[in-house]
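Everything on this sheet refers to the single structure shown next.
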Amino acid sequence: GQNIDQPTEMTATEGAIVQINCTYQTSGFNGLFWYQQHAGEAPTFLSYNVLDGLEEKGRFSSFLSRSKGYSYLLLKELQMKDSASYLCAVRDKGDKLIFGTGTRLQVFP
Amino acid sequence: ETGVTQSPTHLIKTRGQQVTLRCSSQSGHNTVSWYQQALGQGPQFIFQYYREEENGRGNFPPRFSGLQFPNYSSELNVNALELDDSALYLCASSLSRFSDGDEQFFGPGTRLTVL
């Protein structure tokens with residue numbers, strides 16, 4: 001079956017670092033995406049990994065281990081505006097994305 | 001370059017009715033995917049269209065149907081609405097289903113409420 005697991009909620013303090021984990025079991029794998037979604041808004045693209053390793057993009061980094069079916073999103077120097085849901089999604093066959101339920105991150109001052 | 005747009009923004013229907021949701025893809029994108037997002041959940045894949053043909057379908061009943069037009073805009077039709085169909089419906093376009101790493105650009109969504 002298709003299964004993507006990520007924590008439901010996380011909290012962190014402004015200026016801190018937070019790591020959001022994602023584990024997946026899917027019938028196919030053509031890359032893993034992280035999206036940010038603010039309440040009531042559309043998901044916006046953060047990162048893409050298809051090979052093992054770390055991809056860095058400013059304050060955000062994403063890591064992938066295909067052998068372990070594992071990824072994480074690392075957010076550094078947290079800001080209040082980073083309070084949002086973070087969605088882990090695996091691209092299965094074709095261009096179909098399978099999403100986890102999302103991790104709701106709350107950043108406190 | 002315009003982004004993905006969807007209409008209407010919000011919609012209220014009653015059980016048994018039919019609804020049509022519309023999506024305009026980002027310029028140059030020939031692939032569109034539709035997702036249903038229930039409150040507190042991640043988006044669930046409904047189906048995808050590539051150059052006017054259905055190219056994959058998720059675990060949704062046949063009363064969910066779609067169309068893609070020559071200009072790559074798209075419609076999602078839902079017949080015989082049920083209460084559980086209440087959700088945010090997201091349309092996402094991408095450059096090509098064959099391109100690795102191509103992100104899907106999401107529209108703002110249509111919030112459907114079924115009473």
Side-chain angles (χ1 to χ4, degrees), chain A residues 1-9 20 22-24 26-51 53 55 57 60 62 64 66 73 84-106, chain B residues 3-7 9-10 23-26 29-51 53-60 68 74 87-111 113:
Chain A
Q2 316 276 48
N3 197 42
I4 297 182
D5 287 320
Q6 47 182 134
T8 306
E9 288 192 10
I20 303 174
C22 171
T23 57
Y24 64 89
T26 57
S27 57
F29 181 84
N30 285 315
L32 187 143
F33 293 79
W34 283 95
Y35 282 85
Q36 181 192 60
Q37 187 177 29
H38 285 99
E41 298 182 10
T44 55
F45 171 80
L46 289 178
S47 69
Y48 169 74
N49 295 72
V50 67
L51 300 176
E55 293 285 338
K57 218 176 185 182
F60 293 1
S62 57
L64 174 67
R66 288 173 298 170
L73 179 70
S85 286
Y86 291 85
L87 301 166
C88 172
V90 170
R91 185 159 67 186
D92 191 7
K93 300 168 187 174
D95 203 24
K96 170 185 172 183
L97 289 178
I98 304 165
F99 283 87
T101 55
T103 299
R104 186 179 170 192
L105 173 67
Q106 286 188 294
Chain B
V4 180
T5 59
Q6 292 185 244
S7 63
T9 308
H10 294 85
C23 170
S24 289
S25 300
Q26 186 154 318
H29 287 188
N30 58 25
T31 303
V32 65
S33 303
W34 284 91
Y35 295 85
Q36 180 195 65
Q37 186 175 24
L39 202 61
Q41 301 295 314
Q44 298 293 311
F45 176 75
I46 303 175
F47 44 57
Q48 180 185 87
Y49 279 82
Y50 171 68
R51 292 188 173 179
E53 303 251 338
E54 187 177 291
N55 176 50
R57 186 178 183 93
N59 191 26
F60 281 81
Q68 187 182 31
S74 175
L88 180 68
Y89 288 85
L90 295 163
C91 161
S93 74
S94 52
L95 188 59
S96 168
R97 67 185 178 112
F98 297 113
S99 299
D100 284 345
D102 264 350
E103 63 184 277
Q104 293 190 3
F105 292 83
F106 283 84
T110 294
R111 172 73 64 187
T113 302

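Below, all heavy atoms of this structure are taken into account, side chains as well, without hydrogens, waters or symmetry copies.
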| remark: When the 4.5 angstrom heavy-atom criterion is applied to Gln6(B) and chain A, the contacting part is neither
| request: Against chain A, work out which of Gly56(B), Ser33(B), Pro43(B) has the most heavy-atom pairs shorter than 4.5 Å and name it. | output: Pro43(B)
| query | So, do Asn59(B) and Gln2(A) sit near enough that their side-chain heavy atoms are less than 4.5 Å apart? | reply | no
| Just wondering, more than 12 heavy atoms not from Glu9(A) lying within 6.0 Å of its CD? | yes
| field | Pairwise distance CD(Gln37(B)) to CZ(Phe99(A)) - rounded to 0.5 angstrom | value | 8.0 Å
| said: If I compare all heavy atoms of Leu90(B) with all of Pro43(A), which pair ends up nearest, and what's the gap? | reply: CD1-CD, 3.9 Å
| query | Are there more than 12 heavy atoms of other residues, nucleotides or ligands under 6.0 Å from atom CZ of Arg51(B)? | reply | no
| query | If you look at every heavy atom in Pro108(B) and Ala42(A), which pair is closest and at what distance? | reply | CA-CB, 3.9 Å
| Quick one: are Leu97(A) and Tyr35(B) in side-chain contact, heavy atoms under 4.5 Å? | yes
| Residue selection (most heavy-atom pairs with chain B, distance under 4.5 Å) from Gln37(A), Arg104(A), Glu41(A) | Gln37(A)
